[in-house]
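Naming: A, B, ... by sequence-line order, numbering from 1 per chain. Not measured: the values here are computed from a predicted model.
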Protein chains: 2
Amino acid sequence: MPRPARLTPPPEMSETSLFQGLGATALKSVLAAAVETSLRAGETLFHQGDEASRLYLVVSGVVKLSQVAANGTQHVLRLMSAGDVIGCVAVFNRFPYPVTASVEEDATLISWAEPQFWHLMEDHPELMTNALRTVGQRTQEFVARLGEVNGATAEQKVARAVLRLARQAGIKEADGVRVGMTRQDLADMTGITYFTISRILSDWKRRELVEAGRREMLVRNPHALLLLSDGS
Amino acid sequence: MPRPARLTPPPEMSETSLFQGLGATALKSVLAAAVETSLRAGETLFHQGDEASRLYLVVSGVVKLSQVAANGTQHVLRLMSAGDVIGCVAVFNRFPYPVTASVEEDATLISWAEPQFWHLMEDHPELMTNALRTVGQRTQEFVARLGEVNGATAEQKVARAVLRLARQAGIKEADGVRVGMTRQDLADMTGITYFTISRILSDWKRRELVEAGRREMLVRNPHALLLLSDGS
DNA sequence: GGGCACATTTGACCTAGCGCAAAAAGCCGA
DNA sequence: TCGGCTTTTTGCGCTAGGTCAAATGTGCCC
């Protein structure tokens with residue numbers, strides 16, 4: 001249910017990296033041009049291959065970026081949460097979206113039509129600078145990951161995926177970080193079968209690094225996972 | 001041996017995607033600010049982790065972008081040839097270079113200091129637009145590759161790597177495309193041991209898809225490789 | 001031509017992780 | 001409380017590809 005974005009920018013907006021260095025007036029006019037959308041878990045923002053028509057900024061909730069490979073398997077690339085920009089790669093490229101964006105947890109987003117955002121960037125050079133930086137960071141992340149997937153054991157990959165998950169969509173609790181995901185989700189993120197995922201998690205449970213329940217887990221000892229993901 | 005870039009832009013410069021849409025005058029001033037460098041095969045442009053101080057454009061030759069993973073293995077990300085921009089991700093990020101750039105075949109490059117290029121982009125908005133597009137394309141490529149590495153067999157990965165190699169650094173000949181690389185190079189590009197690479201190439205030789213010699217190969221039937229890389 | 005340094009090939013063996021099947025454990029609605 | 005459903009666990013066999021060792025080229029320098 002799209003509607004115009006509220007005109008009064010909430011204070012946290014000015015801290016969003018996309019808006020860094022933007023004056024209050026500029027920020028207001030950029031936000032005025034945006035449209036606010038609320039989506040429920042399970043709904044889809046856009047599909048892989050759709051024409052890249054809009055640029056989104058996540059205000060709240062969690063959005064999953066996934067890709068369907070040629071062989072039909074689904075690969076989850078990344079979860080996006082508050083402050084993350086979705087569609088930047090495709091929009092600045094005038095290419096179809098390379099991924100599918102679906103809502104994991106009820107989300108609110110604001111978005112701009114592609115030509116409109118180009119205008120905004122022309123009017124506000126800082127915006128373009130920030131966009132360039134954002135895309136650069138995204139690339140850097142993917143480059144780093146390309147390096148990581150190689151030669152890593154299944155356990156290392158799972159450790160990294162869980163840590164990423166905890167960072168991007170985890171909820172801090174007294175004795176750890178809680179993340180909601182199925183074994184299948186983890187499998188899609190790592191390219192490992194969920195059988196192997198289950199075996200690894202069972203092992204971690206035995207070693208008391210995590211507690212794993214149905215559709216969720218509690219990361220008790222992130223540091224140990226970091227060691228696992230890194231060293232042997 | 002750096003020296004100022006020649007002031008008269010060679011005609012092909014205006015076709016470089018980074019300079020698309022730039023007027024002749026603008027192009028001249030952008031080139032005037034650049035420095036030309038020639039490097040021999042084996043020399044290094046910059047190392048992974050170096051401060052990202054310059055943005056390079058390949059004029060001729062081939063430059064290899066590689067990454068050393070945490071476990072010490074080298075991973076070749078991409079070969080860059082004429083028209084490709086090197087360092088864009090890091091420079092626009094003010095992050096250290098995430099990769100090492102070394103010269104594969106004697107190369108000539110032009111480069112700009114980072115702050116200077118920002119000024120040029122401010123003066124010439126088309127340049128910034130192009131930069132944004134370039135970074136976007138690079139990202140898109142890496143995202144696509146992240147999806148590809150998953151679930152692919154060794155043969156599929158090698159097929160893709162060889163095709164990329166042929167496209168990025170191949171020399172067209174009467175009966176195929178010649179590419180210069182060692183089995184080890186291919187291993188570094190795919191994350192596969194060179195034993196397996198050798199086995200796969202031997203098989204391809206038997207099936208007459210390629211001819212493979214010491215430090216080089218001739219791709220006879222790119223179409224067959226494309227089928228291999230894609231289908232089962 | 002002979003020796004040397006690599007690059008490549010081939011073989012033998014081994015293991016991480018996949019595929020499949022079947023059992024167990026939660027969750028929910030009636 | 002009982003099905004019926006989904007998610008997770010576990011066992012077992014199998015295979016792609018890694019590891020190691022040893023043989024075979026191949027080019028180059030003296």
Euclidean distance, atom CZ of residue A:Arg215 to atom C1' of D:dT6 [Å, nearest integer]: 8 Å
To the nearest Å, give me how far apart CD1 (B:Ile192) and P (D:dT19) are. 12 Å
Short side-chain N/O contact to D:dG18 OP1/OP2 from B:Thr196, under 4.0 Å: yes
End axis versus end axis in the helix from C:dG1-D:dC30 to C:dA30-D:dT1, the angle rounded to 10°, five pairs used at each terminus: 30°
Donor-acceptor check, side chain of A:Asp84 to backbone of A:Ser81, threshold 3.5 angstrom: yes or no? yes
Between B:Arg220 and B:Glu208 (salt bridge meaning N to carboxylate O under 4.0 Å), is one present in this structure? no
Side-chain heavy atoms of B:Leu225 within contact of B:Asn221, under 4.5 Å: no
With a sphere of 6.0 Å drawn around CD of A:Glu216, does it hold more than 12 non-hydrogen atoms of other residues, nucleotides or ligands? yes
To the nearest Å, give me how far apart CD (A:Glu155) and C1' (C:dA16) are. 12 Å
Among B:Ile110, B:Ile86, B:Val63, exactly one meets side chain to side chain contact (heavy atoms under 4.5 Å, CB included) together with B:Tyr56. Which residue is that? B:Ile86
For D:dG18 and B:Thr193 - does any side-chain N or O of the residue sit under 4.0 Å from the phosphate oxygens OP1/OP2? yes
Side chains of A:Ser111 and A:Arg54 only: does a donor on one sit below 3.5 Å from an acceptor on the other? yes
Tell me: CG of B:Asn150 to P of C:dC18, nearest whole Å? 10 Å
Return yes if some donor-acceptor pair links the side-chain N/O of B:Thr190 with the main-chain N/O of B:Leu186 below 3.5 Å, else return no. yes
Just wondering, more than 12 heavy atoms not from A:Arg215 lying within 6.0 Å of its CZ? no
How long is the line joining CZ of B:Phe195 and P of C:dT15, in whole Å? 17 Å
For B:Met217 and C:dT9, give me the distance from atom CE to atom P, rounded to whole Å. 10 Å
Partner of A:Phe195 under side chain to side chain contact (heavy atoms under 4.5 Å, CB included), picked from A:Thr193, A:Ile192, A:Ile197, is A:Thr193
Considering only C:dT8, C:dG17, D:dT6, which nucleotide approaches the side chain of A:Arg214 most closely? D:dT6
Quick one: are A:Thr100 and A:Val68 in side-chain contact, heavy atoms under 4.5 Å? no
Is any side-chain N of the basic residue among A:Glu141 and A:Arg167 closer than 4.0 Å to the acidic one's carboxylate O? no
In whole angstroms, the gap separating P of D:dG17 from NZ of B:Lys157 amounts to 7 Å
Going by heavy atoms closer than 4.0 Å, what residues in residues 197-211 of chain B are next to DNA chain C? B:Ser198, B:Arg199, B:Ser202, B:Lys205
Got a sec? Which of residues 179-190 of chain B come in under 4.0 Å of DNA chain D, heavy atoms? none
